[in-house]
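Some notes on the structure that comes next.
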Amino acid sequence: MRSIWKGDLSFGLVNVPVKVYSATESHDRKSYQVDSSDGTRIRYRRVREGTDTEVDYGDIANAYESESGETVILTKDDLASLPVQKSPEISILEFVPAEQVDPIYFDKPYYLEPSSKSPKAYVLLAKALEETDRLAIASFTLRNRTRVAALRVVDGVMTLQTLLWPDEVRKPDFGFLDDDTEIRDQELQMAASLIESMASDYDPSEFEDTYQNELTKLIEAKSEGGEAFPESDDEDKDTEDSDVADLLAALRASVKDRGDSDSKDAPAKKAPAKKAAAKTAAKKAPAKKAAAKSTAKKASSGSSGSSASGSKSTAKKAPAKKSSRKAS
């Protein structure tokens, strides 16, 4: 990675020299525009409106509209005269609880790398942020624009996440927010049950950009003169895109489907087998009890040694064998 900016992270009376790196990059396939008929590349030129005369990039200015509706032209020199703070300093203004900054305000992230010989001050601040579970709110100037940012720690590296200004976040103004929608307790409990059945820990590596993968397949197939996604002859199955009449029934079906899929995908669930074994053991208990009674009767009539008592003992044992067969 190549740093895009150097400065000092100001923390009280302590200055921590840092290098700033862009923390994200695009993985989209690069493309350019062409004429679809023969593949001739499309070029754009900066020309004066109504003419074919090109204008040099250095001669191009920006036009803004004033509050009165008048067009105001500002040149690069005009913009450079703005009294923005150009100090190479990331000034920490305050420390706030992490949960108080809604993620909707997060904009572009930057990694900070210590640029001094000793990273002790950098590591100290990073550890303190992690221990206190707070974000540092800082201001700095990047590319002649003053920005506010949240400083947080990601995998041991201090990350400067620029924040949107309050007027850049739209307020949701939707009609349903004013409606008094009735939600039954049973529906809420079932929805919560569905959420719990799908609960997991977030692992970014489990997800992939399917669009880019399919785009790559399409590009390679076209380059080889083949077809990436041949159409299936099977008729499309009916989908359940229509509104569900009974929300509770849909939730129940979702929980059931989720439970069935989990039972198929998770071979480690052996609890039912143990329960069945316990039932089998319970069924064997009467068999042992019947055998014990038979033995007792045998002992009481053992002195006579008659065949009648022997047949009775055999008859008493029969239920035990029957119950044993049931248990097995």
Side-chain angles (χ1 to χ4, degrees), residues 4-5 20-31 33 44 60-74 76 78-79 82-86 90-112 129 133-154 157-183 187-188 191-192 194-195 198-204 206-212 215 241-244 247 250-251:
I4 61 173
W5 190 74
V20 180
Y21 300 82
S22 180
T24 59
E25 61 182 0
S26 174
H27 64 197
D28 290 352
R29 295 289 295 257
K30 293 183 179 179
S31 66
Q33 293 182 325
Y44 290 92
I60 296 177
N62 293 82
Y64 296 86
E65 188 175 302
S66 66
E67 294 181 358
S68 61
E70 181 184 357
T71 299
V72 178
I73 298 176
L74 297 181
K76 291 179 176 60
D78 292 329
L79 296 174
L82 289 172
V84 295
Q85 182 182 1
K86 297 183 180 180
I90 303 171
S91 179
I92 296 178
L93 307 176
E94 58 185 0
F95 295 92
V96 301
E99 67 272 9
Q100 287 187 0
V101 182
D102 194 291
I104 198 172
Y105 286 95
F106 287 163
D107 194 13
K108 188 172 176 57
Y110 297 91
Y111 287 141
L112 301 184
L129 281 174
D133 193 26
R134 287 181 177 268
L135 299 178
I137 303 301
S139 66
F140 69 108
T141 302
L142 180 64
R143 298 187 180 98
N144 294 328
R145 288 191 62 184
T146 303
R147 304 168 189 263
V148 64
L151 184 66
R152 58 197 185 100
V153 181
V154 178
V157 178
M158 282 198 287
T159 304
L160 196 67
Q161 188 105 30
T162 57
L163 300 176
L164 298 172
W165 299 104
D167 59 352
E168 291 181 308
V169 178
R170 292 177 173 177
K171 182 179 179 181
D173 185 14
F174 305 115
F176 79 93
L177 295 174
D178 298 327
D179 297 339
D180 187 13
T181 305
E182 182 181 356
I183 300 296
E187 292 172 338
L188 185 58
L194 176 59
I195 291 173
M198 299 176 65
S200 180
D201 293 325
Y202 177 63
D203 182 2
E206 293 180 353
F207 303 91
E208 59 182 10
D209 191 341
T210 54
Y211 173 80
Q212 290 298 323
L215 177 61
D241 292 335
S242 59
D243 292 338
V244 180
L247 179 59
L251 290 172

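No hydrogens, no waters, no symmetry mates; every other heavy atom, side chains included, goes into these values.
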Verify the distance criterion only: is there a donor paired with an acceptor across the side chains of Q33 and Y44 at less than 3.5 Å?
->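 Q33 vs Y44: donor-acceptor pair found between side chains.
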Determine the minimum heavy-atom distance between [X] and [Y], stating which atoms define it.
X	Y	value
W165	T146	CZ2-O, 3.5 Å
R29	Q212	N-OE1, 3.3 Å
I104	L164	O-CD1, 3.7 Å
P172	L177	O-CD1, 3.8 Å

Walk me through it: do F140 and L160 pass the test side chain to side chain contact (heavy atoms under 4.5 Å, CB included)?
-> CA-CA 10 Å; F140 69 108; L160 196 67; 3.5 Å; yes
Given I137, which of I92, L163, L151 fulfils the side chain to side chain contact (heavy atoms under 4.5 Å, CB included) condition?
-> L163
Looking at side-chain heavy atoms only, is the closest gap between [X] and [Y] below 4.5 Å?
X	Y	result
D133	P97	no
I90	L112	yes
L142	W5	yes

Stepwise side chain to side chain donor-acceptor pair (under 3.5 Å) test for R152 and Q161 = CA-CA 8 Å; R152 58 197 185 100; Q161 188 105 30; 2.8 Å; yes
Is the backbone of R145 close enough, under 3.5 Å, to the side chain of T141 for a donor and an acceptor to pair up by distance?
->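 Not at all, since once roles are kept as given, no pair shorter than 3.5 Å links the two residues.
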Evaluate side chain to side chain contact (heavy atoms under 4.5 Å, CB included) for T162 paired with Y110, printing each intermediate quantity in order.
-> CA-CA 8 Å; T162 57; Y110 297 91; 3.8 Å; yes
Worked check of side chain to side chain contact (heavy atoms under 4.5 Å, CB included) between F176 and T181 | CA-CA 8 Å; F176 79 93; T181 305; 5.9 Å; no
